[in-house]
Amino acid sequence: MRQKELRLALICYGGVSLAIYMHGITKEIWKLAQASRDFHDGEKIDQCSRGIYFDILRWMELETGIKLRVLPDIIAGASAGGINGIFLSQAILSGQSLDPLTDLWLETADVDKLLDPDARPLSRFSKFWAEPIAWMALGRKGGAVEQTVSKEARDEVKMKLSRFVRARWFAPPFGGKVFSGLIWDALAAVRATERGPRLLPTEQPLDLYVTVTDFVGHPEKLQLHSPAEAMEMEHRITIGFSTRGKKGAEIADPAELTFAARATASFPGAFPPFTVQELDGLLEERQYVWSNRKTFLKRILPNQFRAGSAEDTVLIDGSVLANAPFAQAIEALKNRPAKREVDRRFVYIDPRPDLDVAKNDKALERLQAAQESKEDALPGFFSTIFGAISNIPREQPIRDNLNTIAGRSNRITQMRLITDNLRGEVERNVESLFGRTLFLDRPTAIRVQTWRRKSRDKAAKLAGFSYSAYGHLKLATVIEDIATTVRRVKGDVIAHNQPELRNALWAEIRHRGLDKMGGKNGGPTKLAIEFFRAHDLGYRIRRLRFLARRLAEDLDSAAPADYEAIEAMHDVIYDCLSLYIERETIEYLGDDFLSLAEHAETQPGAMLDQLAQARDLASADSIVDSKLAEALASLPKVEKRSMLLAFLGFPFYDIATLPLLQGEGLDEFDPIKVDRISPEDAKTIRKGGVAATLKGIEFNNFGAFFSRSYRENDYLWGRLHGAERMIDIMLSTLPEPKRPDPETTLGFKKIIFRKIVDEEEERLTRILPLIASLRKEIERAKVD
């Protein structure tokens, strides 16, 4: 049995009322994660698409010998996508239901509910001068509503659009506090549902990122040659949450999640900007004490907090500058466990890819016209201004992000080739160092400790002159990791900040004589050995991840009778890994270190000593040696030999590959693939993409806020498209020769489509004609 993990890094774009369509997609991802957990536990829960996903996973196991587990462990969102990401994260961690979010979108994402109380028209004479606008939009035969709104929704849209047009002018019509309250209530409703099992393994972190825009901006220091420093206004803010170093079933305090959801979705012109004061007022009304308020604001708004202006900081929609937050998700790939073979996917939800095609066509037309024109006319004043503040920042392509992912995948491929090609040579060196009889002995903690130190010294000596470069790179990596830890204590997430800290750390390193790595007889100096023994956490983590990858390979060729012992070895490796990973967290280090970290620039030596004492890596090493020795002793002879060769050979591999990585630890040792979910990619039921399926695209993507039937339409299509694409992605994890034929795949999709339509028919009472049509279209669907 080959075990494999499909890990999803989910990127949720902004889309105004198309958030409802995206919610349908994220709900299917949640259903798939539930089914995966059910399959892992060996108990099917036959609830709509959840049961069908379970059946597909079982089919994959029986037909192909691959047991797949699906883990959505990185979520990054902007604007409406940020809201969906926040709720999905909560449901994944707590095992609670996403249905309250469905109710939020269907019942309360409506202009009548979102209008600010002060903006509601009090009478038919309110803003009477706007009546011509309402008449042009609504009343004229053949007008905008009649041309673009389906017949069954026209009366509802006309009525709500009339009230919307007659709301206050020159001010956002929607209420900020109203919106915050709706988010708060929906989160409370989710937390009130029955808890189920966590949908991620306990050792697997979940990272959530939500983008926000600082309207005024805050100054950031730039390091230049001349002048030495310059200031720049920064408007981008990322609100990050993580389960690393935490216990429990929630990723953050509900006040913090409400803060993030409200801030990221403050669409300019529709909602007022968000400030902490708005949330404070809501929490006071709800009689909720936000105990972590100060710590949160210091972490999210560090510059503003230091200036005493965090409460007054004006935040607007995250999609203004970061509508596709790939970079945050890429950053989250660091320091992730890899218990099985990993198929890492970046899955991005783009509800309107048709706009990209249209923009490309228009851009080509403009380019052609410019080339043919004899005049060198520049864009006018208003076109330049509006393009700068609206279209250009939001519509930049994601090519740079995809190039980053491709570059990382290429380095992973190179790494695998190098380690595969080195394996024979490394194993010969290890065997010649210890003798083949080593692998017949019973490992003990003392032997494991002695063996790993002996192999480390041998690898260093064989490296010769090149060891010095490797040693300095290791040292630089350790120093940067320490600097990062100090930055996190101080709440400064900008990597290039605090050059004084780096300068102080390197001055301390030189003072301790660590600027020379190589000893007289080759290999590291005694001082270097002692420093790495006290501080090189990254090396230990890389070694255990390498062991886990090798053991996963061994599992493919092992006899079924040996699975239990190999699985036990896997558990031990990850128990050991957790000992080191928890030492990376701020919470583990204690108050003494936190106090010294605040003054690291003036007391770097004291900070380094306290960090070494707090982490106490020597004690962790002793525990790890004992656990590994016991687990190795229980392994069958072939797997024991493989593990010992990998464990003792790791110094050889690390010397060869760390320079290639430039100090970056690639924890998931597999290339990354990118998948998109959009109406243009799910055409089994109905072709035609966005225009043929979604209603929320009307009124510049605000359409679903004007009609319950529109929201029901988009939500249902979201579920159907999400189910189709998740089946495609699941089956694409199989080797090509083992994938099902098109008819089998279509059969899976038809079954899940029917289940979804049946489940939603009772809830979605405004679109019964669509449901009747969908039943016929599903039956007519054929393989292309």
Side-chain angles (χ1 to χ4, degrees), residues 10 12-31 77-88 91 97-114 149-150 152-153 156-157 160 164 174 178-179 182-183 185-187 189-190 261-262 264-265 267 270-271 317 319 323 349-355 677-679 682 689-723 725 756-757 759-761 763-767 770-771 774:
L10 187 65
C12 302
Y13 284 17
V16 198
S17 76
L18 293 176
I20 299 153
Y21 170 75
M22 290 187 282
H23 167 62
I25 294 172
T26 57
K27 197 166 189 178
E28 284 308 302
I29 294 172
W30 170 61
K31 294 276 188 183
S79 192
I83 296 178
N84 283 315
I86 287 169
F87 278 83
L88 178 60
S97 176
L98 265 184
D99 282 336
L101 182 59
T102 305
D103 295 335
L104 169 71
W105 288 129
L106 293 181
E107 296 175 12
T108 63
D110 188 282
V111 292
D112 280 352
K113 298 287 181 65
L114 294 171
V149 177
S150 57
E152 66 274 10
E156 180 187 13
V157 171
K160 292 177 178 177
F164 184 78
F174 295 150
V178 171
F179 193 21
L182 294 175
I183 294 169
D185 292 341
L187 280 168
V190 169
R262 167 67 177 91
T264 191
F267 193 88
F271 292 97
D317 197 287
S319 67
N323 192 46
I349 302 175
D350 183 359
R352 295 225 56 183
D354 61 313
L355 290 181
I677 302 179
S678 81
V690 175
T693 55
L694 301 189
K695 300 289 189 179
I697 60 176
E698 295 174 7
F699 305 132
N700 198 26
N701 294 337
F702 277 84
F705 289 156
F706 288 90
S707 171
R708 165 84 187 212
S709 65
Y710 281 14
R711 295 193 291 277
E712 291 185 4
N713 176 91
D714 289 3
Y715 163 69
L716 182 56
W717 277 113
R719 286 202 64 183
L720 294 170
H721 288 170
R725 293 296 289 136
I756 291 172
V757 171
E759 182 185 50
E760 295 293 353
E761 184 173 17
R763 187 205 305 262
L764 308 180
T765 57
R766 304 283 185 92
I767 55 167
L770 172 64
I771 288 176
L774 283 172

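Throughout, residue positions are numbered sequentially from 1 according to the sequence presented. Computed over heavy atoms, backbone and side chain alike; hydrogens, waters and symmetry mates excluded.
When all heavy atoms of F706 and R711 are compared, the pair lying nearest together is N-NH1, 4.4 Å. Considering all non-hydrogen atoms of both residues, T264 and G77 come closest at OG1-O, 4.4 Å. Contact between R725 and A682 at its shortest, heavy atoms only, is CG-CB, 4.3 Å. Smallest separation of non-hydrogen atoms from S709 and I767: O-CG2, 3.4 Å. Contact record, A704 with I20: CB-CD1, 3.8 Å, taken as the closest heavy-atom pair. Considering every non-hydrogen atom in both P351 and Y13, the closest pair reads CD-CB, 4.3 Å.
Looking at residues two or more places apart in sequence or on another chain, you find a salt bridge (charged side-chain N to carboxylate O under 4.0 Å, His left out) between D99 and K27, R763. Not counting sequence neighbours, the partners of E761 by the salt bridge (charged side-chain N to carboxylate O under 4.0 Å, His left out) test are R775. With sequence neighbours left out, E759 forms a side chain to side chain donor-acceptor pair (under 3.5 Å) with R719.
Side-chain atoms of I183 and I86, non-hydrogen and from C-beta on, never get closer than 4.5 Å to each other. When side chains are defined from C-beta on, Y715 does not count as touching I25, because their heavy atoms never get closer than 4.5 Å. With contacts defined as side-chain heavy-atom distances shorter than 4.5 Å, the pair L10/L88 qualifies. Contact of the F271 side chain with the D317 side chain is not registered, since no non-hydrogen atoms from C-beta on lie closer than 4.5 Å. Counting only heavy atoms from C-beta outward, the side chains of I349 and T26 approach each other to under 4.5 Å. In this structure, V190 and S97 have side chains that are not in contact, with every pair of non-hydrogen atoms separated by 4.5 Å or more. Residues T108 and D103 form no side-chain contact, since every pair of their non-hydrogen atoms from C-beta on lies 4.5 Å or further apart. The closest side-chain heavy-atom distance from D110 to F705 is not below 4.5 Å.
Side chains of W105 and D714: a donor-acceptor N/O pair is absent below 3.5 angstrom, by distance only. If you check the side chains of N701 and S17, you find no donor sitting under 3.5 Å from an acceptor.
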Checklist entry - Is there a side chain to side chain contact (heavy atoms under 4.5 Å, CB included) between L774 and L720 once you walk through the steps? => result CA-CA 10 Å; L774 283 172; L720 294 170; 3.9 Å; yes
Checklist entry - Taking it one step at a time, do R262 and I83 satisfy side chain to side chain contact (heavy atoms under 4.5 Å, CB included)? => result CA-CA 8 Å; R262 167 67 177 91; I83 296 178; over 6 Å; no
Item to check | From CA spacing to verdict: side-chain hydrogen bond (donor to acceptor under 3.5 Å, both in side chains), D350, S678 | outcome: CA-CA 5 Å; D350 183 359; S678 81; over 6 Å; no
Checklist entry - Would L764 and L770 satisfy side chain to side chain contact (heavy atoms under 4.5 Å, CB included), going step by step from the backbone distance to the final call? => result CA-CA 10 Å; L764 308 180; L770 172 64; over 6 Å; no
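One distance of note links CG of N84 with CG of L98; it measures 8.5 Å at 0.5 Å rounding. E28 CD to I677 CD1: the interatomic distance, rounded to the nearest 0.5 Å, is 10.0 Å. Atom CD of E712 is separated from atom OG of S707 by 8.5 Å, given to the nearest 0.5 angstrom. Rounded to the nearest 0.5 angstrom, L18 CG and K695 NZ are separated by 13.0 Å.
The aromatic rings of H721 and Y21 sit perpendicular to each other, their planes meeting at more than 60°, with 30° as the lower class boundary.
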